[in-house]
Amino acid sequence: MASISFKDVRKTYDNGVTVIEGLNLDIKDKEFVVLVGPSGCGKSTTLRMIAGLESVTDGELYIGDRLINAVPPKERDIAMVFQNYALYPHMSVYKNMAFALTLQKEKKDVIDQKVHEAAKILGLEEYLDRKPKALSGGQRQRVALGRAMVRNPSVFLLDEPLSNLDAKLRTEMRSQISKLHQRLGTTFVYVTHDQVEAMTMGDRICVMDKGVIQQFDTPQALYDNPCNLFVAGFIGSPQMNFIDAVVEKDGDGYALKFGETSLASTRSELADYVGKTVVVGVRPEDLHFEKEYYKGSNVVKAKVDLDEMMGSETLLYLTYGDAKMIAKVPSPCPVHTGDDAEIAVNVDKLHVFDKETEEAIYN
């Protein structure tokens with residue numbers, strides 16, 4: 001079993017700074033979990049504690065049923081892939097991939113078999129005699145993955161492995177890493193600040209901020225039901241639009257009013273917020289020009305500051321009073337930079353948050 005469990009884990013450095021406070025996290029055996037969040041949120045520290053490169057100040061950390069707080073890194077049955085590849089420049093690809101097995105005094109024929117198997121899976125067979133400097137960034141990253149693979153560890157740890165690659169290579173390597181996880185059937189823990197990577201790769205995503213888990217769920221659940229403003233703003237590209245609105249009673253339902261716009265809601269969760277200001281979240285893809293979405297006064301009359309044609313979609317950067325909004329609409333778009341636009345809000349897809357606590361009222 002290669003499940004991973006954090007039980008009330010805290011990490012405090014010698015200077016007294018606490019970066020992880022009371023972390024409770026359970027990663028299942030063979031699961032692909034992504035730790036995501038802004039720089040300094042504690043995701044890499046969490047990964048390094050699993051690897052044994054950072055000590056646990058308080059609490060308990062388990063791999064399977066084994067408490068590993070005091071277990072040296074080499075005895076944890078983990079393999080780590082770093083952001084900067086960490087390859088030995090004077091060694092060939094073959095020797096880089098075989099290095100850990102050589103240290104373990106594995107038989108030469110076993111080493112040769114494992115290296116060639118990994119090289120075949122990763123498309124590196126023709127590069128085994130080359131030095132790292134003769135490889136592209138994507139090829140070096142595959143070598144780093146291969147070096148981890150040959151050890152057949154129970155846990156793979158990947159610390160922002162794609163951040164040094166260009167956009168095309170990142171997309172290619174994302175699919176390769178996902179396929180590798182399926183093929184190997186081991187536990188993967190992947191750290192990134194890129195929420196697109198997180199959404200496309202993870203079985204579950206752990207969203208962190210300031211050393212605290214904000215939400216741990218599937219990509220779809222995070223997108224559809226963010227638990228607070230932070231998660232709502234972090235998950236989704238472009239990020240969710242946020243607008244302050246006043247809750248008013250409207251017949252049997254409620255109205256969320258901002259400027260000239262009134263968004264109808266029948267949700268009973270708003271009963272306690274009548275007369276109060278809440279934060280309405282609208283995803284860019286839930287703003288529409290299609291006529292079926294024009295219902296009542298749910299229309300925003302905005303100025304188009306910029307239109308960005310992205311191929312099949314166009315991003316519109318809008319100003320509405322003091323608020324800024326982004327709309328993602330199908331191309332070709334009926335409005336352009338400098339135009340006035342009337343765009344409808346899909347009221348069935350609203351996210352509403354408490355302005356003080358920033359917790360979700362409803363999604």
Side-chain angles (χ1 to χ4, degrees), residues 38 195 222-251 253-267 269-270 273-363:
Q195 61 93 19
L222 289 176
Y223 181 83
D224 291 337
N225 300 295
C227 69
N228 58 30
L229 274 173
F230 178 83
V231 176
F234 197 85
I235 298 297
S237 181
Q239 77 164 42
M240 186 182 290
N241 298 297
F242 296 117
I243 305 162
D244 286 352
V246 176
V247 180
E248 296 181 356
K249 193 77 176 77
D250 184 17
Y254 303 91
L256 298 158
K257 297 203 70 172
F258 54 96
E260 299 175 8
T261 302
S262 178
L263 305 178
S265 176
T266 58
R267 299 292 292 263
E269 294 93 334
L270 292 176
Y273 290 88
V274 174
K276 297 180 181 178
T277 299
V278 296
V279 179
V280 175
V282 182
R283 292 206 180 275
E285 50 270 37
D286 294 326
L287 294 167
H288 300 274
F289 285 111
E290 291 86 347
K291 293 302 179 187
E292 63 264 29
Y293 292 100
Y294 285 75
K295 301 171 184 175
S297 56
N298 66 324
V299 176
V300 176
K301 297 178 180 179
K303 186 81 170 179
V304 180
D305 295 328
L306 180 67
D307 66 296
E308 288 184 341
M309 209 282 286
M310 312 290 287
S312 62
E313 297 172 326
T314 295
L315 297 183
L316 296 177
Y317 295 82
L318 308 168
T319 297
Y320 176 79
D322 296 330
K324 298 287 186 181
M325 302 174 68
I326 301 176
K328 184 194 286 187
V329 299
S331 298
C333 179
V335 297
H336 302 284
T337 301
D339 290 349
D340 292 321
E342 290 190 358
I343 190 163
V345 179
N346 183 354
V347 292
D348 296 328
K349 295 290 186 72
L350 294 181
H351 305 263
V352 182
F353 303 89
D354 187 300
K355 189 170 175 61
E356 293 181 5
T357 66
E358 299 189 351
E359 298 295 316
I361 298 171
Y362 73 82
N363 290 296

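The chain is numbered in sequence order, starting from 1. Basis for what follows: all heavy atoms, side chains included, without hydrogens, waters or symmetry-related copies. Keep in mind that this is a model prediction, so the values were computed, not measured.
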Novice: Any side-chain heavy atom of Leu287 sitting closer than 4.5 Å to one from Val329?
Specialist: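 No, side chains not in contact.
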Novice: Look only at the side chain of Thr261 and the backbone of Val299, and say whether a donor-acceptor pair between them is shorter than 3.5 Å.
Specialist: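 Between the backbone of Val299 and the side chain of Thr261 there is a qualifying donor-acceptor contact (under 3.5 Å).
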Novice: Does Asp354 reach the main-chain N or O of Thr357 with its side chain, forming a donor-acceptor pair under 3.5 Å?
Specialist: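 Checking the backbone N and O of Thr357 against the side chain of Asp354, a donor-acceptor pair under 3.5 Å is found.
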Novice: With a cut-off of 6.0 Å (strictly less than), are more than 12 heavy atoms of other residues, nucleotides or ligands near CD of Glu269?
Specialist: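 Yes, enclosed.
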Novice: Rounded at 0.5 Å granularity, tell me how far CG in Asp250 sits from OG1 in Thr266.
Specialist: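 Separation between the atoms: 11.0 Å.
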Novice: According to ring pair (Phe, Tyr, Trp, His ring centres under 6.0 Å), does anything in residues 306-346 pair up with another residue at least two apart or in another chain? List the pairs.
Specialist: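 Output for this query lists Phe258-Tyr320.
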Novice: Any heavy-atom pair between the side chains of Pro226 and Phe234 that's under 4.5 Å?
Specialist: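 Contact flag for Phe234/Pro226 side chains = no.
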Novice: Do the side-chain N and O atoms of Ser331 and Thr314 include a donor-acceptor pair separated by under 3.5 angstrom?
Specialist: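 Yes.
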Novice: Taking atom NZ of Lys349 as the centre, report whether more than 12 heavy atoms of other residues, nucleotides or ligands fall under 6.0 Å from it.
Specialist: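 It does not: Lys349 NZ has 12 such atoms or fewer within range.
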Novice: Within the distance-only criterion (no hydrogens, no angle test), does the side chain of Arg283 pair as donor or acceptor with the backbone N or O of Tyr223 below 3.5 angstrom?
Specialist: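 Checked: pair present.
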Novice: Counting only heavy atoms not in Glu356 (residues, nucleotides, ligands), do more than 12 fall under 6.0 Å from its CD?
Specialist: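 Open.
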Novice: Would you say Asn298's side chain and Lys295's backbone share a donor-acceptor pair under 3.5 angstrom?
Specialist: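 Answer holds: yes.
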Novice: Indicate yes or no: does Asp244 engage Lys355 in a salt bridge with an N to O separation below 4.0 Å.
Specialist: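 Looking at Lys355 together with Asp244, the answer is yes, because their closest N to O distance falls below 4.0 Å.
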Novice: Mind listing the closest non-hydrogen atom pair of Phe230 and Pro38 along with its distance?
Specialist: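 The answer is CZ-CD, 3.6 Å.
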Novice: To check you understand the geometry: which heavy-atom pair defines the closest contact between Glu358 and Phe353, and what is its length?
Specialist: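 Result for this residue pair: O-CD2, 4.0 Å.
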Novice: Would you call the rings of His288 and Tyr293 parallel, tilted or perpendicular, taking 30° and 60° as the class edges?
Specialist: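 If you compare the ring of His288 with that of Tyr293, the planes turn out parallel.
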Novice: Should the pair Lys328-Asp286 be classified as a salt bridge under the 4.0 Å nitrogen-to-oxygen rule?
Specialist: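 No, this pair does not count.
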Novice: Under the side-chain contact (heavy atoms from CB on, under 4.5 Å) test against Val352, which residue among Leu270, Val247, Val279, Asn363 passes?
Specialist: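 With Val352 as partner, Leu270, Val247, Val279, Asn363 yield a single side-chain contact (heavy atoms from CB on, under 4.5 Å), made by Leu270.
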Novice: Just by distance, with hydrogens left out, do Thr337 and Asp307 show a side-chain donor and acceptor under 3.5 Å apart?
Specialist: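 There is such a pair between these side chains.
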Novice: With a 3.5 Å distance limit and no angle check, can you tell me whether Asn241 reaches the backbone of Ile326 through a side-chain donor-acceptor pair?
Specialist: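 Here the side-chain-to-backbone pair exists.
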Novice: For Pro330 and Glu290, which heavy atoms make the closest approach, and how far apart are they?
Specialist: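 So the minimum-distance heavy-atom pair works out to CG-OE2, 3.9 Å.
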Novice: If you look at every heavy atom in Lys257 and Ser262, which pair is closest and at what distance?
Specialist: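 Heavy-atom minimum between the residues: CG-OG, 3.9 Å.
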Novice: When rounded to the nearest 0.5 angstrom, what is the spacing between CD in Glu308 and CG in Leu316?
Specialist: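 Reported to 0.5 Å precision, the distance equals 9.5 Å.
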